[in-house]
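Structure first, then comments.
First listed ligand is number 1; within each ligand, the first listed atom is number 1. The figures here come from the full heavy-atom set of this structure, side chains too, leaving out hydrogens, waters and symmetry mates.
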Amino acid sequence: MSVAEYFSSMEYGPAPEADQPVREWLARHGEGFGHFIGGAWRAPAAGTFFDVIAPATGETLARVAQGDAADVEAAVAAARAAQPAWHALGGPGRARHLYALARMVQRHSRLFAVLEALDNGKPIRETRDIDVPLVARHFLHHAGWAQLQESEFSEWAPLGVIGQIVPWNFPLLMLAWKIAPAIALGNCVVLKPAEYTPLTALLFAELAQRAGLPDGVLNILTGDGRTGAALVDHRGVDKIAFTGSTEVGRQIRAATAGSGKSLTLELGGKSPFIVFDDADLDSAVEGVVDAIWFNQGQVCCAGSRLLVQEGVEAQFIEKLKRRMATLRVGHSLDKGIDMAAIVDPVQLARIESLVETGRAEGCTIWQPREVALPERGSFYPPTLVTDVAPASTLAQEEIFGPVLAAMSFRTPEEAVALANNTRYGLAASIWSETIGRALDIAPRLACGVVWVNATNLFDAAVGFGGYRESGYGREGGREGVYEYLKPQAWSKLPLRTPRRADEAGHVDDGSRIERIDRTAKLFIGGKQVRPDSGYSRAVLTPGGELVGEVGDGNRKDVRDAVAAARAAGKWSQASAHGRAQVLYYLAENLAARADEFTRQLARRAGVVALDAQREVDAAIGRLFSYAAWADKFDGAVHAPPLRGVALAMHEPVGVIGIACPDEAPLLAFVSLVAPALALGNRVVVLPSEACPLMATDFYQVVETSDVPAGALNIVTGSRSALLPALVKHDDVDAVWSFGRADESTLVERESVGNLKRTFVDYGRQIDWFDRSSEGLPFLRQATQIKNIWIPYGD
Ligand code: NAI
């Protein structure tokens, strides 16, 4: 159309952003991009390249290297070589570099924004106004953490070399989320961008070097999933930080099991967008636009499930359809469009096929007739799906496209039940003009981020990350910083020598049984119960003397214990004050029986009385410490750059399975159980196999201390039978395993089912008496942080 025709029709004309500077930069690398390793471009070892396509037009933008194991080797070596000097530079020295990176991003903001829009296919309006400013903010914020590292994290050390794998939906922003905290705290990085969208990472590396970032601190390795898998497998990597699909997250968990690598996973979601009948419906409609049509719905925390209260459902759907008809879909460099291209024809086909599945299942699919799609490129219209059953594919599967599945609810209880009816737990939006209602619902949602009367807000100061199968770990904020550190004391711990299989937990040989008058039972649901098997196990001192018997628990007992823990949800909802009191009682009641515990411990563990007394005293002290912590480990209020706050609430993880080591059988037991209980978790404990009687004696203390039934459950028996049952149980949210390296591996490997959180010692010899065996490292593991955003005003 001519300009005159646009004037007469009042149609929007195109408002294209110039792309000349980007084209020039691409032309300079016309022969193909190598990897960026040790501060230099490096051709791929195997000489293989692949094309990078602009989704909005289908044109080839560039050729980039396909990395293999040899390239991974070179990149990890460069990072390893650079790390000591980078760490030695100190926090303030590194802070300068991060400030410089933030300013570099600002100086080249348009170049980044245009390149990102071309490479990913998303609207320039979003890359210019959201992605790139957030990238600069992220480096700026983390420059501050580098500056404060020595005072704020003095007992923590960097991990070393970090392998980072990012997806294609926010290529540059995800790079910033990954790199900024890692390098701020003294680590060096090998980052693999997604194969669809590697270009802004390469531009970033080039400009970072020009901004003076030392060689080897940041290495970019391009390639597909095979390159990612090679990075995951490399022995020289200390941590993998991954964002992407839940399926690949599972593979990475399995691949790193037992390797000692730290792991954080930011995975998929199916986030609810809940509209109550007292919501400002027009604002909520705009919220939906931002929730599911931002970035074409290719957002892990997209509000892809609309839950509307029945009374306003018809009105809301009507308003929403009207708004959808005004959305404009077009080329990513057109400044006047709302939605642009889907990242790749493969993703487009996936969206189409999922929507067809929904149609076949009886859902009603609605797409506005008014919205025209460009003729070339990968595009999909804004789509509303109604008549959706809660169990249907479109209500359960992550579509990762501009498709909204709508359902209704009657009561707040039903809203919570529907919202939580998913294996994911990334984010949620709540729309209500009654703040009390919104803040009543927010803690009941099983997810890591909640936006009240808002959606898709992000900030470097506010942690982001999921519950359940949306993964674990946080990015952003203080909590994100800890993900790139380890307790200093732990890194120096020796590995314990593997224990012989026959060293502990002897099975009853029958001959000495008459000398035992009492067999300790299991402790499940607040009651002493006999083991399902009907068998007992003899317990011997290290010298071979028979000191008692314990129940020989089996899988059924583990299941009963988990069911009891699940049912004890009240403990998680109890006030922190109430939990503190219970822990004080435990401490006092143990103190009252200290002499008896000391005598028993000395005999059973074969230690001198003085050592036993020291252990009992330490256990009492630890209980008092966690009683103190119970009402003090209490979150934060963040001040992101908007009119409002984000509440970082500490919530219990849920049901934690705990496998205790043999050393310090009473103190280690208390050191693991107390922080979990203090923060509101319910626990199923497998005590030391060699010396389980200290734990079974402890339940007598529990019985007199107001610990509610089911909050603490103890199952004795063969560890090799009980631990796998515990780790494979889908109602267990986390497993902590201390004692043996092979058990750490087992726990990590078997945790993939429901992606439970794991906390293991990899066979390190922990000094349970030391101060480092108490406090923050344990409290963090006992907590998940939910960030609730509450903007103010009209
Ligand atoms: P993906 O999970 O396969 O890719 C993400 C990153 O992981 C890419 O860099 C990829 O090269 C890498 N990767 C793939 N296989 C790997 C392996 N075995 N080891 C290490 N790294 C590996 O995601 P994909 O295939 O691009 O998208 C498929 C679906 O995943 C989407 O439709 C969407 O549902 C979901 N997804 C979710 C994301 C999120 O942020 N939650 C981001 C991207 C995709």
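Listed by chain and residue number, the protein contacts of ligand 1 are Ile165, Val166, Pro167, Trp168, Asn169, Lys192, Pro193, Ala194, Glu195, Asp224, Gly225, Gly228, Ala229, Phe242, Thr243, Gly244, Ser245, Val248, Gln251, Ile252, Leu267, Gly268, Cys300, Gln347, Arg350, Glu398, Phe400 (heavy atom within 4.0 angstrom).
With sequence neighbours excluded, the residues forming a side chain to side chain contact (heavy atoms under 4.5 Å, CB included) with Arg478 are Trp145, Glu152, Phe153, Tyr482, listed by chain and number.
The CD atom of Glu483 sits 11.0 Å away from the CG atom of Leu185 when rounded to the nearest 0.5 Å.
Centroid-to-centroid, the aromatic rings of Trp177 and Phe464 come within less than 6.0 Å.
Ring-plane geometry between Trp168 and Phe400 is classed as perpendicular, the angle between the planes exceeding 60 degrees on a 0 to 90 degree scale with a lower cut at 30.
The pair Arg253-Glu748 counts as a salt bridge, with a side-chain nitrogen and a carboxylate oxygen less than 4.0 angstrom apart. We find that Asp238 and Lys486 are not joined by a salt bridge, their nearest charged nitrogen and carboxylate oxygen being 4.0 Å or further apart.
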